[in-house]
Amino acid sequence: MRMSRLLSQTLREAPSDAEIASHQLLIRAGYIKQLAAGIFTAMPLAKRSLTKIENIMRDEMNKIDGQEMSMPVVHPAEIWQATGRWGKVGPEMGRFQDRNGREMVLAMTHEEAVVDIIKDEIQSYRQLPMMIYHIQTKWRDDPRPRAGLIRVREFTMKDSYSLDRDWAGLDLQYANHYQAYFNIFARCKLPVIAVESDVGMMGGNMAHEYMYLTPVGEDTLLICDECGYSANRQIAELQKEKAGEEKQKKLKKVATPDAKTIVGLAEYLKIPEHKTAKAVFMMAAIQDQEGDKEKLVFAIVRGDMDLNETKLLNAVGAKALRPAEESEIAASGAVPGYASPVGLKNIMVVVDDLIPESTNLVAGANEEGFHFMNVNYGRDFVADVVADIVAARDGDACSKCGSPMKALRGVEVGNIFKLGTWYSEAVGATFQDSDGKEKPVVMGSYGIGSGRLLASVAEEYNDKYGLMMPITIAPYEVHLVELVGGKGDSEKVHLAAEKLYQDLIQEGVEVLFDDRDESPGVKFNDADLIGIPLRLTVGHRALQEGGIEIKIRHESEKKVIPLDKVVEIVTEIIQDLYAGVEDNLDTVEFK
RNA sequence: CGGGGUGUGGCGCAGUUGGUAGCGCGCCGCGUUUGGGACGCGGAGGUCGACGGUUCAAGUCCGUCCACCCCGACCA
């Protein structure tokens, strides 16, 4: 490709609304352009990288017997109503009506489309196992898109779906994906770790997320260096240290003026925070036969711990949670700041599983300015649900081995879910098994966003001059710069560059040829910015000695190589660069 | 949805007590220059986010709305 014909312009300055490195550089280098919040155009450079990423995904999917297809972006509401997600998913789902007033959905994922197909197509166990995938646009109307391509509303995703006759089959396909995903990220040179995650709106009973660790990530993970346990904070388990057992003491009401917070309370009463009970009120949207209902939930954790809303949501089977307003709390008879489960009725009480083992806690008295001392679970109050609902924090003990865990930030670049039979049962996607019985297809679903992957790689590989794309996904393999003008013989330089351009193309090398009438500084800076791994410079200086200059983007050394050896040397270096990435695929132990 | 911020040419920005819009980069033409974002001269390009109000006069003051960014809530 001749740069004089390339649709994209490098920018000397980044747009002021780009903050993180990958966003700024992808825009400055002319890869992407924003159209609206969370909606981007992939310019020719980005499109080439994305195509390469997608081809890597294709290759790895095909290796585990995936069949590529293409499912529609626009769905009739009926298929989403059939699984119940039409009502279950909120404003994040794009909906519109067609000209006849039919409700339509912009696909945010494709489980519905899959089960709609397989309920007709899959009739016998003889057709299973099967794995299908496609690379398709999704729309998720995220409340807050951010960080360039990391978190967008419209995006392209490779999503695959495994279909099996039983759970053992699913386990196998899940494990296949677990490895294939590591291969995909390794081939894109992105370091990732797999962590256990919440199943979220996908349903199902096991899920892993592939996380690229970076401070700009928006997910928090807990990781145990000792035993390797790793999980999203949303579900991370922890060992809770019990306070020493005490004999239950008599319930006592004490005046605690202005002690509305745990810190204030502990200070006022001169007791440690772990001797208090923290009350958190949430409004839970719970779905029953008649539709959604909001219900006040009173959650109690020990005073020195934090509530984990995802755990609470799962514990009460809610669709969504939001903090309760003071008026909603007051309506239940509780007093904000002095709230207590003692003596409350008609409210769902959820306590952390550590509370029943904690004796003589201080809790509110549901009376302005007063707390109860020596509150004990079972004797003074009971809960509707006892479950683990506290958030794991940096330094908390690992649930598996007890060592302190670290909290780190990461970007979720892929995920895999064991869906089970939830979707297939919902629509009657069954097959006849060898025993003659009708059984629902056992499913898994697996996704990687290609744009987020590109942005993560850009975030990982850059320096103050620009991007440094790994060869496997760089838009081009070689950036050829011709330096004409000046005292040298421009015609000779240009002819040499032109010939080299043609020769390299002949060899199948992907070349971006900077044939523009620009000064050397401009060309070098643009080359650094765009970040193609190998740069060749044809100028009169080296040409007088019968050579051209070669430089690898991530190395500082420049070398002059003889003109008649250029093609040979370049193809060799390119091969080495590929080998450096692709020969490093590790077999990962499934955890 | 809560908190904070920003909207002026493609990008980055300035614009005074209200007086009819400017700078740098980029773009076009001519010339000089040519191995790390050169220089001179001459140009093109703006309904100042939108609507309404105040005023003789609004980029500037007032009101309403919209868009975009950041933090949080939320999220595969």
Side-chain angles (χ1 to χ4, degrees), chain A residues 8-20 23-24 27-28 30 33-39 85 89-93 107-111 138-148 150-153 155 157-159 197-204 207-211 216 218-219 232 234 282-283 285 309-310 313 319-323 325 411-417 419 445-449 452 465-466 481-490 493 516-529 535 537-544 548-549 551 558 560:
Chain A
S8 82
Q9 204 179 14
T10 55
L11 298 176
R12 197 178 293 222
E13 286 163 297
S16 55
D17 54 11
E19 294 218 335
I20 67 168
H23 189 195
Q24 291 185 348
I27 287 179
R28 281 190 54 211
K33 216 166 148 65
Q34 181 168 353
L35 179 63
I39 304 178
R85 287 210 288 185
V89 181
E92 206 186 336
M93 176 148 64
M108 46 201 306
T109 171
H110 281 79
E111 282 77 15
K138 316 279 186 225
W139 172 260
R140 291 183 194 172
D141 197 355
D142 199 289
R144 187 155 94 77
R146 67 188 96 170
I150 302 267
R151 185 160 158 176
V152 293
R153 295 191 293 170
F155 59 99
M157 183 168 165
K158 185 291 299 173
D159 42 327
S197 71
D198 184 46
V199 292
M201 75 166 186
M202 307 297 292
H208 284 87
E209 290 172 343
Y210 290 77
M211 307 294 309
V216 306
E218 53 187 351
D219 273 314
N232 194 302
Q234 293 178 326
M282 305 294 292
M283 294 302 290
E309 290 184 20
T310 305
L313 181 134
K319 184 177 135 184
L321 284 180
R322 67 171 173 86
E325 317 240 334
V411 174
E412 181 190 344
V413 286
N415 55 48
I416 56 179
F417 290 88
L419 297 177
S445 106
Y446 317 84
I448 299 182
R452 183 178 278 192
Y465 303 108
V481 175
E482 68 168 9
L483 298 181
V484 295
K487 296 177 198 77
D489 185 342
S490 287
V493 169
R516 298 173 304 166
D517 181 20
E518 289 288 352
S519 70
V522 170
K523 292 190 172 193
F524 289 140
N525 278 304
D526 280 351
D528 288 345
L529 191 52
R535 189 185 80 196
T537 306
V538 183
H540 70 269
R541 196 192 272 176
L543 205 56
Q544 278 173 348
I548 64 135
E549 182 194 278
K551 180 179 178 299
K558 298 174 199 169
V560 174

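Throughout, a chain's letter reflects where its sequence line sits, starting with A, and its residues are numbered from 1. Excluded from the calculations below are hydrogen atoms, water molecules and symmetry mates; all remaining heavy atoms, backbone and side chain alike, are included.
The CG atom of Leu35(A) sits 14 Å away from the P atom of rA67(B) (whole-angstrom rounding). Rounded to whole Å, atom P of rG26(B) lies 17 Å from atom NZ of Lys33(A). The nearest whole Å value for the distance from the CD1 atom in Ile20(A) to the P atom in rC71(B) is 10 Å. Between Glu92(A) atom CD and rC74(B) atom C1' there is a gap of 8 Å when expressed in whole angstrom units. rG10(B) atom P lies 16 Å from atom CD of Gln34(A), rounded to whole Å. Arg146(A) has its CZ atom 16 Å from the P atom of rC1(B), to the nearest Å. The distance between atom CD1 of Ile39(A) and atom C1' of rA67(B), rounded to the nearest whole Å, is 12 Å. Look at CD on Gln24(A): it is 13 Å from C1' on rC11(B), rounded to the nearest Å.
With a cut-off of 3.5 Å on both pairing distances, the Watson-Crick or G-U wobble partner of rC41(B) is rG29(B). Searching all strands for a Watson-Crick or G-U wobble partner of rG63(B) with both distances below 3.5 Å returns rC51(B). Across all strands shown, rC75(B) has no partner, as no Watson-Crick or G-U wobble contact with both distances under 3.5 Å is found. rC68(B) is paired with rG5(B) under the Watson-Crick or G-U wobble criterion, all donor-acceptor distances under 3.5 Å. With a cut-off of 3.5 Å on both pairing distances, the Watson-Crick or G-U wobble partner of rC11(B) is rG24(B). Partner assigned to rC56(B) is rG19(B), using Watson-Crick or G-U wobble distances below 3.5 angstrom.
At a threshold of 4.0 angstrom between heavy atoms, the contacts of Pro145(A) are confined to the sugar-phosphate backbone, with no base atom among them. Using a 4.0 Å heavy-atom distance criterion, Pro143(A) is classed as a base contact. Glu19(A) comes within 4.0 angstrom of sugar-phosphate atoms only, judged by non-hydrogen atoms across all strands, and of no base. When heavy atoms are screened at a 4.0 angstrom cut-off, Ala147(A) is found touching the sugar-phosphate backbone but no base atom.
Between the side chain of Glu92(A) and the backbone N or O of Arg140(A) there is no donor-acceptor pair closer than 3.5 Å. Side-chain atoms of Arg153(A) do not come within 3.5 Å of backbone N or O of Asp141(A) as any donor-acceptor pair. Judged by distance alone, the side chain of Arg535(A) and the main-chain N or O of Lys551(A) form no donor-acceptor pair under 3.5 Å. With hydrogens and angles ignored, the 3.5 Å screen pairs no side-chain donor or acceptor of Lys138(A) with any backbone N or O of His110(A).
Look at the P atom in both rU17(B) and rC27(B): the space between them is 37 Å, to the nearest Å. Atom name P, nucleotides rU54(B) and rG59(B): the rounded distance is 16 Å, in whole Å. rG19(B) and rC61(B) have their C1' atoms separated by 15 Å, given to the nearest Å. To the nearest whole angstrom, the two P atoms, one in rG31(B) and one in rG12(B), are 34 Å apart. rU32(B) and rC70(B) have their C1' atoms separated by 47 Å, given to the nearest Å. rG46(B) and rG7(B) have their C1' atoms separated by 14 Å, with the value rounded to a whole Å. With both ends at atom P, the span from rG26(B) to rC41(B) equals 15 Å, rounded to whole Å. When the C1' atom is compared between rG37(B) and rC11(B), the two are found 15 Å apart, to the nearest whole Å.
Annotation: side chain of Asp526(A) is in contact with side chain of Arg516(A) (closest heavy-atom distance under 4.5 Å). For the pair Arg146(A)/Glu218(A), a side-chain contact is recorded, criterion being any heavy-atom separation below 4.5 Å from C-beta on. Using a 4.5 Å heavy-atom threshold, the side chains of Arg85(A) and Glu111(A) count as touching. Contact of the Thr537(A) side chain with the Phe524(A) side chain is registered, since non-hydrogen atoms from C-beta on lie closer than 4.5 Å.
Nearest nucleotide to the side chain of Gln9(A), out of rC70(B), rC75(B), rG26(B): rG26(B). When the nucleotides rC69(B), rC70(B), rG24(B) are ranked by their closest atom to the side chain of Glu13(A), rG24(B) comes out on top.
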Subject >> B/S/- contact track for nucleotides 32-38 of chain B, protein heavy atom under 4.0 Å >> reply: --BBBBS
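Within the structure, a side-chain polar atom (N or O) of Arg144(A) is placed less than 4.0 Å from OP1 or OP2 of rC71(B). Contact annotation: Ser16(A) side-chain N/O to rC13(B) OP1/OP2 distance is under 4.0 Å.
Each of Glu412(A) and Arg153(A) lies near RNA chain B, and the nucleotide nearest Arg153(A) is the one positioned closer to the 5' end. Between Arg151(A) and His23(A), it is His23(A) whose nearest contact on RNA chain B lies nearer the 5' terminus.
Atom OH of residue Tyr446(A) and atom CG of residue Leu419(A) lie 7.5 Å apart, to the nearest 0.5 angstrom.
Taking every heavy atom of both residues into account, Arg452(A) and Glu412(A) meet most closely at NH1-O, 2.6 Å.
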